[in-house]
Number of protein chains: 2
Amino acid sequence: MVDQTFPLWFSGVMSDDLDTVFAALADPTRRAILAMLLEDDMAVTDVAEPFEMSLAAISKHLTILTRAGLISQEKRGRVKWCKLEPDALRAASVWMQGFGQFEPVNLDAFERFLENQLSAGDEA
Amino acid sequence: MVDQTFPLWFSGVMSDDLDTVFAALADPTRRAILAMLLEDDMAVTDVAEPFEMSLAAISKHLTILTRAGLISQEKRGRVKWCKLEPDALRAASVWMQGFGQFEPVNLDAFERFLENQLSAGDEA
DNA sequence: AGTTTGGTCAACCATTTGGTTGAATATGCG
DNA sequence: CGCATATTCAACCAAATGGTTGACCAAACT
């Protein structure tokens, strides 16, 4: 079924899905929303509460996350519940690892990265 | 030292570096460039060759990838060599994997931090 | 020295993005 | 019914993105 006219990496590289997933992740508000949904499903209004931003703006962010497949939204009554859907994330993560040819997880590198972030923030 | 006023995941969520890495990955041309550099280091002109796009456009893409830390560029003679730098990818990948395993999230601390940020911003 | 080659810069353009506000659409409650 | 709550829609705006072209600079070839 898969035509081999172009190399294997091509399909992964050109995928529109990866476009939307990575674009969705490239915003700190949306990453914060994902982190909040990690704890529990939430209604749109509750998602919006900690942010200094209109409800409509958060609604747009949620639409972007939904189109990327990173969350799902189910309307029960008059409240719309948002649920994390880690599968899209996992797919992109797997793609990155296969692509980057590095070892599955290097936690040391991650902690160094975090410490750099925090000390950089202290200097501000 | 690393201050633990807010939870560890927060720095990952708010990091500007993740912004630039994910934004850089959210473009198929740039992902294709990364895949090409996976095979070998390349000169800018050779990177541009397979694309139906001006050299200047590719040059911009390479600047974006460089700022994201995903590649490095070294000028030898009059040709500028591009080299894949998988470390930035690794950090982002590890961040993403955090969503596969359900780590606890401290939402209260997140809200407190946002409030601090906002009042600090008002004073500026 | 003169010319080609490798690459960036600057100005411009169309489209997208991330936000706003105010009106609209459901849904639930007294 | 009449009103409050939850969420989206529509129009708008400023800034960022992804591309173009032509001028420009630096290194190499003859």
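Reminder, nothing fancy here: chain letters follow the sequence lines and each chain counts from 1. Atom set for the values below is all heavy atoms of this structure, side chains included, hydrogens, waters and symmetry mates excluded.
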Quick check: does any side chain N or O of A:Ser59 sit under 3.5 Å from a backbone N or O of A:Leu55, one acting as donor and the other as acceptor? no
Point-to-point distance, once rounded to the nearest 0.5 Å, from CD of A:Gln73 to CD of A:Glu85: 11.0 Å
Just checking B:Arg76: base, sugar-phosphate only, or nothing, at a heavy-atom cut-off of under 4.0 Å? nothing
Measure CD1/B:Ile58 against P/C:dG6 and give the value in whole Å, please. 15 Å
B:Lys75 NZ - C:dT8 C1' separation (whole Å): 9 Å
Whole angstroms only, please: what is the NZ-P distance between A:Lys80 and D:dC9? 7 Å
For D:dG18, does OP1 or OP2 lie under 4.0 Å from any side-chain N or O of B:Arg30? yes
Need one value for A:Leu55: base, sugar-phosphate or nothing, where a base atom within 4.0 Å counts as base even if backbone is also close, heavy atoms only. base
Under 4.0 Å, heavy atoms only, any strand: does A:Ala43 hit a base, just the sugar-phosphate, or nothing? sugar-phosphate
Residue closer to the 5' end of DNA chain C, A:Ala26 versus A:Arg78 (nearest nucleotide): A:Ala26
Closest to the side chain of B:Gln73, out of C:dG19, D:dT8, C:dT8, is C:dT8
Below 4.0 angstrom from OP1 or OP2 of D:dG19, is there any side-chain N or O of B:Ser54? no
Rounded to the nearest angstrom, tell me the gap between atom CZ in B:Phe22 and atom P in C:dG18. 15 Å
Report the distance from atom CD1 of B:Ile64 to atom C1' of D:dG18, rounded to the nearest whole Å. 8 Å
Nearest whole angstrom, please: distance from the C1' of D:dG18 to the CE of B:Met53. 8 Å
Sorted by position of nearest nucleotide on DNA chain C, 5' first, the leading residue of A:Lys60 and B:Ser59 is B:Ser59
Look only at the side chain of B:Arg30 and the backbone of B:Leu25, and say whether a donor-acceptor pair between them is shorter than 3.5 Å. no
Hey, is the side chain of B:His61 poking within less than 4.0 Å of OP1 or OP2 on D:dT17, counting only N and O atoms? no
Can you tell me the distance, in whole Å, between the CG atom of B:Leu62 and the C1' atom of D:dG19? 15 Å
Whole angstrom is fine here: how far is it from CG in B:Asp19 over to P in D:dA16? 13 Å
